[in-house]
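Right, one structure below, let's go through it.
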Amino acid sequence: MKLIITIFLTLFPLITFANSSLPANRHIAVQGTAEVLAKPDMAKISFEVISTKDTLLEAKRDVDERVNLLTKGADRYGIEQGDIFISGLTSHVNNMIGIETGTFLGDKYLARKKIKVTLKNIERIDDFIEFAQSVKINNVMEIESLSSKGFKLEAKATQVAIDNAKAKGSILAEAFGAELGKVYSINSTANHQRYPTNNVKSLIFSGSGANSNPFEQVRYVDETIIFTSSISVVFDLEIK
(Lines give C-alpha, C1' and ligand atoms only; values in the text may rest on other atoms or scores of the structure.)
Protein backbone atom coordinates (compact mmCIF):
# COMPACT_ATOMS: atom_id res chain seq x y z
CA MET A 1 0.00 0.00 0.00
CA LYS A 2 1.50 3.32 -1.07
CA LEU A 3 2.14 5.72 1.78
CA ILE A 4 0.58 9.15 1.39
CA ILE A 5 2.08 11.92 3.49
CA THR A 6 1.04 15.56 3.81
CA ILE A 7 2.65 18.05 6.18
CA PHE A 8 0.87 20.98 7.81
CA LEU A 9 2.71 23.58 9.89
CA THR A 10 1.35 25.86 12.56
CA LEU A 11 3.70 28.56 13.82
CA PHE A 12 3.25 30.98 16.64
CA PRO A 13 5.52 32.63 19.23
CA LEU A 14 5.10 32.23 22.95
CA ILE A 15 5.39 35.18 25.31
CA THR A 16 6.09 32.94 28.30
CA PHE A 17 6.32 29.23 29.00
CA ALA A 18 4.16 27.92 31.79
CA ASN A 19 6.06 26.42 34.72
CA SER A 20 9.50 27.26 33.27
CA SER A 21 12.07 29.94 34.09
CA LEU A 22 13.31 32.40 31.49
CA PRO A 23 16.81 33.87 31.17
CA ALA A 24 17.49 37.37 32.54
CA ASN A 25 19.13 38.49 29.30
CA ARG A 26 17.40 39.20 25.97
CA HIS A 27 15.60 36.14 24.71
CA ILE A 28 12.79 34.90 22.50
CA ALA A 29 10.39 32.03 23.13
CA VAL A 30 8.91 30.24 20.12
CA GLN A 31 6.91 27.14 19.43
CA GLY A 32 7.01 25.00 16.32
CA THR A 33 4.37 22.40 15.57
CA ALA A 34 3.89 19.90 12.77
CA GLU A 35 1.34 17.41 11.53
CA VAL A 36 2.19 14.47 9.27
CA LEU A 37 -0.72 12.72 7.57
CA ALA A 38 -0.40 9.10 6.50
CA LYS A 39 -2.64 6.46 5.00
CA PRO A 40 -3.01 3.52 7.43
CA ASP A 41 -1.83 0.08 6.35
CA MET A 42 -2.53 -1.84 9.57
CA ALA A 43 -5.40 -2.12 12.06
CA LYS A 44 -5.91 -3.22 15.65
CA ILE A 45 -9.30 -4.83 16.23
CA SER A 46 -10.78 -5.29 19.70
CA PHE A 47 -13.42 -7.99 20.16
CA GLU A 48 -15.57 -8.95 23.14
CA VAL A 49 -16.67 -12.56 23.48
CA ILE A 50 -19.65 -13.17 25.78
CA SER A 51 -21.62 -16.31 26.61
CA THR A 52 -24.56 -16.81 28.98
CA LYS A 53 -25.36 -20.36 30.11
CA ASP A 54 -27.03 -22.26 32.93
CA THR A 55 -23.66 -22.95 34.58
CA LEU A 56 -20.42 -21.00 34.72
CA LEU A 57 -18.52 -23.99 33.35
CA GLU A 58 -20.73 -24.12 30.27
CA ALA A 59 -20.35 -20.39 29.68
CA LYS A 60 -16.57 -20.59 30.08
CA ARG A 61 -16.29 -23.53 27.69
CA ASP A 62 -18.38 -21.73 25.08
CA VAL A 63 -16.19 -18.61 25.27
CA ASP A 64 -12.96 -20.62 25.16
CA GLU A 65 -14.17 -22.65 22.18
CA ARG A 66 -14.91 -19.53 20.12
CA VAL A 67 -11.63 -17.85 21.11
CA ASN A 68 -9.68 -20.98 20.16
CA LEU A 69 -11.37 -21.15 16.75
CA LEU A 70 -10.41 -17.53 16.11
CA THR A 71 -6.75 -18.01 17.07
CA LYS A 72 -6.41 -21.25 15.11
CA GLY A 73 -7.66 -19.62 11.90
CA ALA A 74 -5.86 -16.30 12.33
CA ASP A 75 -2.71 -17.41 10.47
CA ARG A 76 -4.70 -17.43 7.23
CA TYR A 77 -4.77 -13.64 7.49
CA GLY A 78 -1.07 -13.17 8.20
CA ILE A 79 -1.71 -12.90 11.95
CA GLU A 80 0.92 -14.43 14.25
CA GLN A 81 0.40 -15.48 17.85
CA GLY A 82 2.30 -12.39 19.02
CA ASP A 83 -0.30 -10.24 17.25
CA ILE A 84 -3.10 -11.57 19.49
CA PHE A 85 -3.81 -10.51 23.07
CA ILE A 86 -6.46 -12.40 25.07
CA SER A 87 -7.65 -11.12 28.43
CA GLY A 88 -8.43 -13.26 31.43
CA LEU A 89 -11.94 -14.58 31.99
CA THR A 90 -14.45 -12.43 33.87
CA SER A 91 -17.87 -13.66 34.97
CA HIS A 92 -20.94 -12.85 36.98
CA VAL A 93 -24.36 -14.26 37.81
CA ASN A 94 -27.58 -12.87 36.35
CA ASN A 95 -30.68 -13.39 38.48
CA MET A 96 -33.55 -14.04 36.09
CA ILE A 97 -36.88 -12.51 37.14
CA GLY A 98 -40.17 -13.07 35.31
CA ILE A 99 -41.43 -9.87 33.70
CA GLU A 100 -45.10 -10.58 34.29
CA THR A 101 -44.98 -12.56 37.52
CA GLY A 102 -41.96 -10.91 39.14
CA THR A 103 -40.93 -14.32 40.48
CA PHE A 104 -37.38 -15.67 40.54
CA LEU A 105 -36.78 -17.98 37.55
CA GLY A 106 -33.23 -19.05 38.30
CA ASP A 107 -29.65 -17.96 37.65
CA LYS A 108 -27.78 -17.53 34.39
CA TYR A 109 -23.99 -17.35 34.32
CA LEU A 110 -22.18 -14.91 32.05
CA ALA A 111 -18.55 -15.37 30.97
CA ARG A 112 -16.54 -12.78 29.06
CA LYS A 113 -13.14 -12.44 27.39
CA LYS A 114 -11.65 -9.60 25.36
CA ILE A 115 -9.38 -10.07 22.35
CA LYS A 116 -7.12 -7.57 20.58
CA VAL A 117 -5.79 -8.55 17.18
CA THR A 118 -3.22 -6.61 15.14
CA LEU A 119 -3.89 -7.08 11.43
CA LYS A 120 -0.76 -6.23 9.43
CA ASN A 121 -2.60 -6.00 6.10
CA ILE A 122 -5.47 -3.56 6.42
CA GLU A 123 -6.89 -4.63 3.06
CA ARG A 124 -7.94 -7.92 4.66
CA ILE A 125 -9.96 -6.37 7.46
CA ASP A 126 -13.33 -7.21 5.87
CA ASP A 127 -12.33 -10.85 5.38
CA PHE A 128 -11.03 -11.19 8.94
CA ILE A 129 -14.13 -9.68 10.53
CA GLU A 130 -16.31 -12.00 8.45
CA PHE A 131 -14.19 -14.91 9.69
CA ALA A 132 -14.68 -13.75 13.29
CA GLN A 133 -18.44 -13.69 12.72
CA SER A 134 -18.27 -17.24 11.36
CA VAL A 135 -16.94 -18.46 14.73
CA LYS A 136 -19.64 -16.46 16.58
CA ILE A 137 -17.45 -13.53 17.62
CA ASN A 138 -19.79 -10.70 16.62
CA ASN A 139 -19.04 -7.85 18.98
CA VAL A 140 -16.33 -5.49 17.70
CA MET A 141 -15.51 -3.00 20.47
CA GLU A 142 -13.03 -0.83 18.57
CA ILE A 143 -10.98 -0.67 15.37
CA GLU A 144 -7.83 1.45 15.47
CA SER A 145 -6.05 2.50 12.28
CA LEU A 146 -2.25 2.06 12.39
CA SER A 147 0.80 2.63 10.21
CA SER A 148 3.74 0.24 9.93
CA LYS A 149 5.92 3.35 9.53
CA GLY A 150 4.65 4.90 12.75
CA PHE A 151 8.05 5.48 14.39
CA LYS A 152 9.50 7.05 11.24
CA LEU A 153 6.47 9.31 10.86
CA GLU A 154 6.73 10.43 14.50
CA ALA A 155 10.42 11.24 13.97
CA LYS A 156 9.56 13.15 10.79
CA ALA A 157 6.94 15.21 12.63
CA THR A 158 9.47 16.03 15.36
CA GLN A 159 12.13 17.15 12.89
CA VAL A 160 9.65 19.35 11.01
CA ALA A 161 8.56 20.94 14.31
CA ILE A 162 12.23 21.64 15.19
CA ASP A 163 12.89 23.26 11.80
CA ASN A 164 9.67 25.19 12.22
CA ALA A 165 10.74 26.62 15.60
CA LYS A 166 14.15 27.64 14.27
CA ALA A 167 12.67 29.34 11.23
CA LYS A 168 10.09 31.24 13.25
CA GLY A 169 12.68 32.38 15.78
CA SER A 170 15.03 33.61 13.05
CA ILE A 171 12.29 35.56 11.27
CA LEU A 172 11.17 37.31 14.45
CA ALA A 173 14.72 38.05 15.64
CA GLU A 174 15.74 39.58 12.30
CA ALA A 175 12.58 41.68 12.23
CA PHE A 176 13.80 43.42 15.40
CA GLY A 177 17.44 43.79 14.37
CA ALA A 178 18.76 40.77 16.26
CA GLU A 179 19.77 37.19 15.58
CA LEU A 180 19.32 33.92 17.39
CA GLY A 181 21.94 32.97 19.94
CA LYS A 182 22.35 29.77 21.93
CA VAL A 183 19.42 27.64 23.01
CA TYR A 184 18.43 28.28 26.62
CA SER A 185 15.76 25.58 27.00
CA ILE A 186 13.80 23.05 24.96
CA ASN A 187 10.45 21.48 25.78
CA SER A 188 9.12 18.76 23.49
CA THR A 189 5.62 17.37 23.89
CA ALA A 190 5.13 13.68 23.28
CA ASN A 191 4.24 12.70 19.74
CA HIS A 192 0.80 11.22 19.36
CA GLN A 193 -1.65 10.00 16.76
CA ARG A 194 -5.12 11.31 16.20
CA TYR A 195 -7.82 10.68 13.66
CA PRO A 196 -9.97 13.08 11.63
CA THR A 197 -13.01 10.87 12.27
CA ASN A 198 -14.08 8.64 15.15
CA ASN A 199 -13.05 5.00 15.15
CA VAL A 200 -15.68 2.27 15.02
CA LYS A 201 -16.83 1.49 18.56
CA SER A 202 -19.24 -1.11 19.94
CA LEU A 203 -20.27 -2.50 16.57
CA ILE A 204 -22.43 -5.62 16.89
CA PHE A 205 -22.80 -7.65 13.71
CA SER A 206 -25.51 -9.97 12.43
CA GLY A 207 -25.96 -13.11 14.42
CA SER A 208 -25.83 -11.30 17.78
CA GLY A 209 -29.45 -10.22 17.61
CA ALA A 210 -28.58 -6.63 18.48
CA ASN A 211 -28.17 -5.04 15.06
CA SER A 212 -31.38 -3.74 13.51
CA ASN A 213 -29.81 -3.80 10.04
CA PRO A 214 -27.26 -6.62 9.74
CA PHE A 215 -26.55 -5.76 6.09
CA GLU A 216 -25.69 -2.12 6.73
CA GLN A 217 -22.38 -1.12 5.12
CA VAL A 218 -19.83 0.10 7.66
CA ARG A 219 -16.50 1.84 7.01
CA TYR A 220 -14.25 0.01 9.45
CA VAL A 221 -11.11 2.19 9.43
CA ASP A 222 -10.13 5.82 9.15
CA GLU A 223 -8.70 6.95 5.84
CA THR A 224 -5.99 9.08 7.48
CA ILE A 225 -3.79 9.02 10.59
CA ILE A 226 -2.35 12.31 11.87
CA PHE A 227 1.01 12.30 13.68
CA THR A 228 1.62 15.52 15.61
CA SER A 229 4.62 17.08 17.34
CA SER A 230 5.27 20.31 19.24
CA ILE A 231 8.61 21.89 20.21
CA SER A 232 8.89 24.90 22.54
CA VAL A 233 12.29 26.62 22.56
CA VAL A 234 13.83 29.63 24.32
CA PHE A 235 16.73 31.25 22.41
CA ASP A 236 19.15 33.90 23.62
CA LEU A 237 19.12 36.99 21.41
CA GLU A 238 22.24 38.66 20.07
CA ILE A 239 22.03 42.27 18.94
CA LYS A 240 23.62 42.91 15.54
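Values below: all heavy atoms of this structure, side chains included; hydrogens, waters and symmetry mates excluded.
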With a 3.5 Å distance limit and no angle check, can you tell me whether [X] reaches the backbone of [Y] through a side-chain donor-acceptor pair?
X	Y	answer
Asp41	Ser148	yes
Thr71	Asn68	yes
Arg66	Lys136	yes

Contact check, side chains of [X] and [Y], non-hydrogen atoms, under 4.5 Å:
X	Y	result
Ile143	Ile125	yes
Met42	Ile122	no
Val117	Phe47	yes
Leu237	Leu180	yes
Ile45	Val140	yes
Asp163	Gln159	yes

For the residue pair [X] and [Y], what are the closest heavy atoms and their distance?
X	Y	value
Ile84	Ala74	CD1-CB, 3.9 Å
Ile225	Leu146	CD1-C, 3.4 Å
Val233	Ala165	CG2-CB, 4.2 Å
Ile86	Val67	CD1-CG1, 3.6 Å
Ala173	Ile28	N-CD1, 4.5 Å

Do [X] and [Y] sit in the same hydrophobic cluster, where Ile, Leu, Val, Met, Phe, Trp and Tyr count as joined when their side-chain heavy atoms come under 4.5 Å apart?
X	Y	answer
Ile50	Leu70	no
Phe85	Val135	no
Leu69	Ile115	yes
Val93	Leu56	yes
Leu172	Ile162	yes

What do you reckon, is CZ of Arg61 surrounded by more than 12 foreign heavy atoms closer than 6.0 Å?
->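 Counting neighbours around CZ of Arg61, 12 or fewer heavy atoms of other residues, nucleotides or ligands fall under 6.0 Å, so no.
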Side chains of [Y] and [X]: any donor to acceptor distance under 3.5 Å?
X	Y	value
Thr228	Glu35	no
Ser229	Glu154	no
Thr118	Asp83	no

Which residues satisfy the side-chain hydrogen bond (donor to acceptor under 3.5 Å, both in side chains) test with Ser87, sequence neighbours excluded?
->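 If we apply the side-chain hydrogen bond (donor to acceptor under 3.5 Å, both in side chains) test to Ser87, skipping adjacent residues, there are no hits.
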For Arg26 and Ile239, run side chain to side chain contact (heavy atoms under 4.5 Å, CB included): C-alpha distance rounded to whole Å, both residues' side-chain angles, the deciding distance at 0.1 Å, then the answer.
-> CA-CA 9 Å; Arg26 295 182 179 89; Ile239 303 302; 3.8 Å; yes
Is there a side chain to side chain contact (heavy atoms under 4.5 Å, CB included) between Lys114 and Met141 once you walk through the steps?
-> CA-CA 9 Å; Lys114 295 181 179 180; Met141 300 304 296; 5.9 Å; no
Looking at residues at least two apart in the chain, or sitting in another chain, which of them share a salt bridge (charged side-chain N to carboxylate O under 4.0 Å, His left out) with Asp127?
->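 Asp127 satisfies salt bridge (charged side-chain N to carboxylate O under 4.0 Å, His left out) with no residue once adjacent residues are dropped.
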List for me each residue that meets salt bridge (charged side-chain N to carboxylate O under 4.0 Å, His left out) alongside Lys113, sequence neighbours excluded, and say none if there are none.
->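 Salt bridge (charged side-chain N to carboxylate O under 4.0 Å, His left out) list for Lys113, sorted by chain: Asp64.
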Members sharing Phe176's hydrophobic cluster, built from side-chain contacts under 4.5 Å between Ile, Leu, Val, Met, Phe, Trp and Tyr, are none
Evaluation steps, side chain to side chain contact (heavy atoms under 4.5 Å, CB included), between Phe235 and Val30 | CA-CA 8 Å; Phe235 293 98; Val30 296; 3.8 Å; yes
Could you walk me through whether Ile231 and Ile186 pass the side chain to side chain contact (heavy atoms under 4.5 Å, CB included) check?
-> CA-CA 7 Å; Ile231 305 291; Ile186 301 173; 4.2 Å; yes
For residues 48-80, pull every pair meeting ring pair (Phe, Tyr, Trp, His ring centres under 6.0 Å), keeping only residues two or more places apart or in separate chains.
-> Tyr77-Phe128, Tyr77-Phe131
Please assess Asp62 against Ser51 for the test side-chain hydrogen bond (donor to acceptor under 3.5 Å, both in side chains), listing each intermediate value before the final yes or no.
-> CA-CA 6 Å; Asp62 184 38; Ser51 179; 2.6 Å; yes
Sidechain N-carboxylate O distance under 4.0 Å for Glu223, Lys39 | no
Assess whether side-chain hydrogen bond (donor to acceptor under 3.5 Å, both in side chains) is satisfied between Ser230 and Gln31, documenting all intermediate values.
-> CA-CA 7 Å; Ser230 177; Gln31 185 177 65; 3.2 Å; yes
Provide the full list of salt bridge (Lys or Arg N to Asp or Glu O under 4.0 Å) pairs with a residue in residues 50-59, sequence neighbours left out, each pair given once.
-> Asp54-Lys108
